[in-house]
Novice: 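Encoded as structure tokens, here's the structure I'll be asking about.
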Amino acid sequence: MQLLPFSNEDDDNTQSVWVVFGENGVSAKSLVAVLSYFILSAKAKSPSLEQRLCGLQAASLYLLLLKIPGSVANKVYHQILFDTCLNMPLKCWPQESGKKRKKDSLKSSQGDPKTGKRSRPPKKVSEEQMEIDEDEDDEEEGMYFSAQDLLKLREGIVLLVCTLLKLLERFSLKDKPQSADSCVQLFTELTNFEPVIGDMNVDQLQSLPELSYHGLGLLCSTIHGEGDECRRRVFRKLLYVILMMKTQERSKPSLLAPSQAVCGARDQAILFISHIVDKQREATLPLLRILVQHICHQMVEKSEYRASGAQAVGKLIAKMPCQDYAAIVKWLYSYSRNNKVAFRMFALDVAMVLLEQSERDVDDTVDPELAVFLSHRFLVHNIIYNHRNDVSPTVRGHALHCLAQCLELGSQNATKCVHELFSNSAQTMLESGRSDQTLKRRDTVQKTALTFRTIELTKHKSIATTHRSGINTSLQNEETMTLFKKHVSDPKTNARKSALETVMSLLKHGVITCSAENLNILSDRCRDPAVSVKKKAMQCLMDLLAALPENTEVQEAWLRGVLPAVMDSESSVQEKALECLDHVVIAHIKSQGKYRDGDTSQKLAWELLGLMCDKCQDLSRYFSKAFSVWAPQQKFTPAFVNGLLSHTEGEKAAAAWLLLAKIASCSPKLNYGTVLETWENTIRSPVVSVTMTCHILSVLGDIASNLNDDTKTRIVDDLMGWLKTFSLPLEVISSCVDTLVRFARSDNTQDTLRFLDRYCGELVSVCESYLSGVILQEKGAENINEDLLVKHLYTLGAASLHCPSKVGKRIFLLVQSVLTPSEQQPVPAEGDELPASQPLSQFKPNSMPTVVRAQAVITLGKLCLQHEELMLKYLPVFARELEVGTELAVRSNVVVVMCDLCVRYTNTVTRYIPNISACLRDKEPIVREQTLIMLTNLLQEEYVKWKGALFFRFAVALVDPDPAIADLCEYCLVDLLLKKSPLMFSQHFIECIFHFNSYDKHKKYNKFPQTESEKSKFSLKGPQNQGKRFRIYKFLLKNFTDEQRFNITTKICQDILATFVDSELPLDSEGSELLADTFDILSLKEMKLTAMSGPAAGEEPQEDEMAMAKAVLQVAQKKLVSQVQKRNFVENVIPIIISLKNMLEEQHSPVLKHLMAYLQLAAEVEYNLKQFEKEKQQQEQQQMENQLGNFTLSPRQNSNAVASPAQAANVGGQTGFATPQNHHAAKGPAQTPKSADALRRRTFAGMVTPVRTHSSPTVFSTGRGKQVGRAISTPQASINEVTFGEQKTSAQAVECGISSCTKNKI
């Protein structure tokens, strides 16, 4: 180019260029006109490659002319042409093909990857404009550019950008704000033009993004504007790059998919800002703080964007000095108390990022009142921990998750801060008090600006429910753990999962002790109603066990949490439990030669098995279930079995036999010699290990079919000899009898029966002889050996089940004599005839010890299982014993026996279910718990039905004085029984009201037979029991479906209220109590339909399409249900309520206040529904007006939508950017009925609508308060609608007076 020499700093050359033009007859205006022709040709419809290249070259030449001194004097500069040149790179480069197409047809088969597709214009855009857009799209679709063509275009764009960069070094845009905006827009768009290979370097101009950032750097220099005007302009544009948003005309910014290119552009923008801050530190620090605030202000709730934004904020804050760092943390604290969920969530994310950085030290530059904000302690205590009780379950869960992550950070400061929360340090309390005072003294209330200016959050707009008591960050350890126990029972699933993670981290890092109580928090949640919480609890136990493998308490908690899950109703939970069990135990069982003491995993596996043999024997059946699942999978190889056999001697013997007992039946051929040798040693040993012996006997029974006859005979003789000594523990006696029975199995049934009659009959005979000696001999009971007698009774019961033909009637009377005095029923001598009748009525106390009598009940029950006539005789005795018995062990065993008999003789024993269920109010907790478990099993297997008073007695267990029994009852009803009978609660609810009030005057309800003692036991009548009654009512209603809630309201009115209106029931004192309960029930929040309930307080709808579709469906459902509910209320409820109200007023009944409370609640509900509908309509109308306003070049002064911040400042007579009225503020008395008297007057007329007062601007907003210029803390406005001063058109940008912005705004 011959013009290049004239563009340098040589004055001689630069002064002669215009002379040269004159000498050659070239007019500057004509030259500009020619260049304009080529530039505009490139902007025509479907320009060719040559037109695009010529347009780029012409634009470069025009910019080069502008660089030559004297260009302004010769009137070369034209703003529109200059802006057009800046738009050339984007206009000449083929549009991307990823946008939505208008038409499906293509003019060229090659057009797909290169076509330009524009987003659909808004509905209110004119039809002509739509046609123009479609034509441009169609023209663009027909173009095809080869790789060589694109390379030429790129070279032209690079030439133009380089020329522009040279121009900006000398050509000032100080008085040309619109051109400066165009430059910023161009450079911002080009930052994502192509990927940068390697690390980006703003000073090395190799790629277009690097050239663009160099241009943005030039625009930040003072040559283009005084103060921080240009820098503010650049930072504002880069804001959306960091937020991964795209700004479009006539619409709000939209999120971009977080692709590699988008994330790369974000990282480059952060790097550039850091570079500018390093070079121009003093000038850019105020803007950096503003940028951070606006990133927070525009953050969305999606987790991936939050995580990206938090990292960006962390990197930017790291560039701040301590004074600015403390100020921004103080602002972040106010931001974290905003009532928008997205704000509070993002504040937690930012706090976690800041905790990963080194803690700032206080220096001389820091204001003493801001020093408290420099510490990590403030972030942990005042931002993260303070949100543990947030009103939003999403924020609660995230805060707990962050608290757990604090302990995983490498920073010791964060861990120390968490420890302080659970310590009793008085110093912590004092420091916290100083922090609170500092915050109160420094907290200011300022307005929120919507241009790129400092954002100060209004204190009174912050969420109050989260921080009612200020900043008190140190609690007593016990109180804090109580809070965490509350969190693991949170109604929301995610909050419970986060609480479990936090508890695990606290235990893992020693913040709280690994006590049984604390560990039970994790193990108990393995039986949570939610599947995801069960899995999370198991994973937490796995992580805790991996961190503390030698802690016995942790090992036991792991077993008690994971093992029961193998029998969970959800298959995925079973699989997770089996996976954990295999990973921790089975996978690390090696042979004795491969065992290493230093191997933590092997040591842990054997220690867990050792616990199974000792403290956790009650979990054996769950362990067996796991092996029954693994058995078909052929999981246990011969090498595994032989490895176990190598451990059968020594300290691991008990654990090895435990595993062998589980796999012997499904494993390959065992080494029988080892098993038999161990058996011989066990027989001869004077000391017997109960658990290991039982496992050895189990293995013997499994291999019995593979042994020869001689070996079988020898083992049977050993078993019989051992049993006849009656010196074995009861568990070993049971295992011996079971093994004996397994040795009896053969293909010939008769041989099996003869074997059992021989050996089991012999045991029965021995026991009979011993009992005769004790009971019949004179003074035999005085010198009784209690332990020996119990073992004889136990052996008799175990053996009699297998040889019923060898059990005579004399044995029945001998066992009965243990339970009754000798004078009540004589026992005949052997061979004598039995009396014709048995006058036994109950088990009266005698000289026998209680433990003997309790065992006799179990033995008698086993005899009854094989002899029906015996069962018929003793059933009334068992029932009587439950009523009048005084011995705990006897009553408990009677409950077990009767429930077992119910399985065998269902029809007969069902008549005695009322007697069994009466034990749910037994004075002993053990009996109540035993009864609850046994009845639940019978109901699950459908041996018992919900008849008579059974359901109501079950419900009374919900208010048992023992909390453990109440929780067990809740679990049984909801998780076990309600699934089988979904209508169970709703069918019994009406009768619950009559039953618990002991009201029996209704012709239909509460008419089942009960004794007076049973009535008194289960009565919850009277004001003193009102709390218990309503705990039951609330529990039942909470588990209703919406359909059941809807129907129960109508049924209550028809079956209870209408009976009093029709005088079927007297309105006496008992009736008044019943009515009072009824109206209070109707007023319960649990009666409200869930479809009518909005999202939880503090929650906001998600932004994904599925969530939006669900929200739309919920709104439609809510509207429909509202209409149906209103109609039902008007047609079925109101007439009855009015009549009953008149009746109560005539009698001056105290129930009237309960009725009026219900009416007031119903009126408020209706009023709130109408208010909700009205606000929805206003919002829709306002949104439409805002959209129309966005397309108006000259916005009206009275419009609801404000086109720019400058106009927003003067709308409605407001001064500055005042915070608009909050439409979601707490409703005051003006929105509720004035009084009960006013409501009563309306009710006399048959109307149950509320008496409304005159509307006020606070309540009934006309929509004018909802403008673009509203405070950041105002809850109603969507954060995505805030434009931060984005201009819609060039003309509007000039009108808004961008060039006249002060240092606090653009």
Side-chain angles (χ1 to χ4, degrees), residues 352 355-356 384 388 397-412 414-415 418-419 421-422 481 484-485 487-490 493-528 530-566 568 572-588 599-609 611 616 619 626:
M352 289 302 299
L355 286 172
E356 294 176 0
I384 296 177
R388 71 198 182 280
H398 193 48
L400 293 173
H401 170 75
C402 291
L403 189 64
Q405 291 302 311
C406 288
L407 295 170
E408 305 295 335
L409 296 176
S411 171
Q412 293 296 324
T415 304
V418 176
H419 276 270
L421 294 171
F422 295 83
M481 284 313 302
F484 276 97
K485 290 177 183 178
H487 289 312
V488 296
S489 302
D490 194 282
T493 301
N494 288 335
R496 296 203 298 275
K497 290 163 63 177
S498 299
L500 289 173
E501 182 183 7
T502 306
V503 172
M504 184 274 295
S505 295
L506 296 174
L507 292 166
K508 176 180 175 181
H509 294 276
V511 180
I512 58 177
T513 60
C514 290
S515 62
E517 181 181 5
N518 292 336
L519 290 168
N520 285 341
I521 297 175
L522 297 179
S523 55
D524 289 346
R525 281 298 127 187
C526 291
R527 291 171 289 282
D528 192 274
V531 173
S532 60
V533 179
K534 296 177 187 177
K535 294 181 179 179
K536 183 66 176 181
M538 284 190 281
Q539 187 59 51
C540 288
L541 286 171
M542 288 288 289
D543 296 341
L544 186 60
L545 186 66
L548 304 172
E550 298 180 355
N551 191 304
T552 306
E553 288 77 10
V554 174
Q555 295 172 2
E556 182 177 354
W558 185 88
L559 287 172
R560 297 199 177 279
V562 173
L563 272 182
V566 301
D568 195 89
S572 60
V573 178
Q574 295 180 17
E575 293 170 0
K576 176 70 174 178
L578 292 171
E579 178 186 345
C580 295
L581 193 60
D582 182 29
H583 177 74
V584 175
V585 180
I586 305 302
H588 300 289
D599 190 332
T600 306
S601 300
Q602 290 191 51
K603 185 178 179 181
L604 174 61
W606 286 107
E607 288 177 350
L608 290 171
L609 292 172
L611 280 175
C616 300
L619 301 175

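These numbers come from a predicted model, not from an experiment.
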Novice: Which distance, rounded to the nearest 0.5 Å, do you find between the CZ of Arg560 and the CG of Leu519?
Specialist: 12.0 Å
Novice: What distance separates Glu607 CD from Glu550 CD, expressed to the nearest 0.5 Å?
Specialist: 7.0 Å
Novice: Is there side-chain contact between Ser532 and Lys536, with at least one heavy-atom pair below 4.5 Å?
Specialist: no
Novice: Over all heavy atoms of both residues, which pair between Ser505 and Ala404 is shortest? Give the atoms and the distance, please.
Specialist: OG-CB, 3.4 Å
Novice: Is the shortest side-chain heavy-atom distance between Leu506 and Asn518 below 4.5 Å?
Specialist: no
Novice: Nearest heavy-atom pair of Ala626 and Leu581: which atoms, and what distance?
Specialist: CB-CD2, 3.7 Å
Novice: Between Gln555 (side chain) and Pro549 (backbone), is there a donor-acceptor pair under 3.5 Å?
Specialist: yes
Novice: Would you call Glu408 and Lys508 a salt bridge, taking side-chain N to carboxylate O under 4.0 Å as the test?
Specialist: yes
Novice: Hey, are the side chains of His398 and Asn494 touching, using non-hydrogen atoms and a 4.5 Å cut-off?
Specialist: no
Novice: What are the two closest non-hydrogen atoms of Leu559 and Leu611, and how far apart are they?
Specialist: CD1-CB, 3.8 Å
Novice: Does the Arg525 side chain pair with the main chain of Val488, one donor and one acceptor, at a distance under 3.5 Å?
Specialist: yes
Novice: Closest heavy-atom contact between Leu507 and Leu548?
Specialist: O-CD1, 3.9 Å
Novice: Among Lys534, Arg527, Gln574, whose side-chain hydrogen bond (donor to acceptor under 3.5 Å, both in side chains) with Asp568 holds?
Specialist: Lys534
Novice: Is the shortest heavy-atom distance from the side chain of Glu501 to the side chain of Gln539 under 4.5 Å?
Specialist: no
Novice: Mind checking side chain to side chain donor-acceptor pair (under 3.5 Å) for His583 and listing every partner two or more places apart, or none if nothing turns up?
Specialist: none
Novice: Would you check if Leu355 and Cys406 make a side-chain contact, meaning some heavy-atom pair closer than 4.5 Å?
Specialist: yes
Novice: How close do Cys526 and Met538 get, heavy atom to heavy atom, and via which atoms?
Specialist: SG-CG, 3.7 Å
Novice: Less than 4.5 Å apart, side chain to side chain, heavy atoms only: is that true for Ser515 and Glu553?
Specialist: no
Novice: Could you check whether any side-chain heavy atom of Lys576 comes within less than 4.5 Å of a side-chain heavy atom of Cys580, counting everything from C-beta outward?
Specialist: yes
Novice: Could you report the tightest heavy-atom contact between Val503 and Ile512, atom names first, then the distance?
Specialist: O-CD1, 4.4 Å
Novice: Starting at CG of Leu563, measure out to CG of Leu608 and round the result to the nearest 0.5 Å.
Specialist: 9.0 Å
Novice: Please answer whether the main-chain N or O of Leu403 pairs with a side-chain N or O of Thr502 as donor and acceptor at a distance below 3.5 Å.
Specialist: no
Novice: Indicate yes or no for a side-chain donor-acceptor contact from His588 to the backbone of Leu604 under 3.5 Å, with no hydrogens or angles considered.
Specialist: no
Novice: Are any non-hydrogen side-chain atoms of Leu409 and Met352 less than 4.5 angstrom apart?
Specialist: yes
Novice: If I take atom CG from residue Asp543 and atom CG from residue Leu522, how far apart are they, to the nearest 0.5 angstrom?
Specialist: 10.0 Å
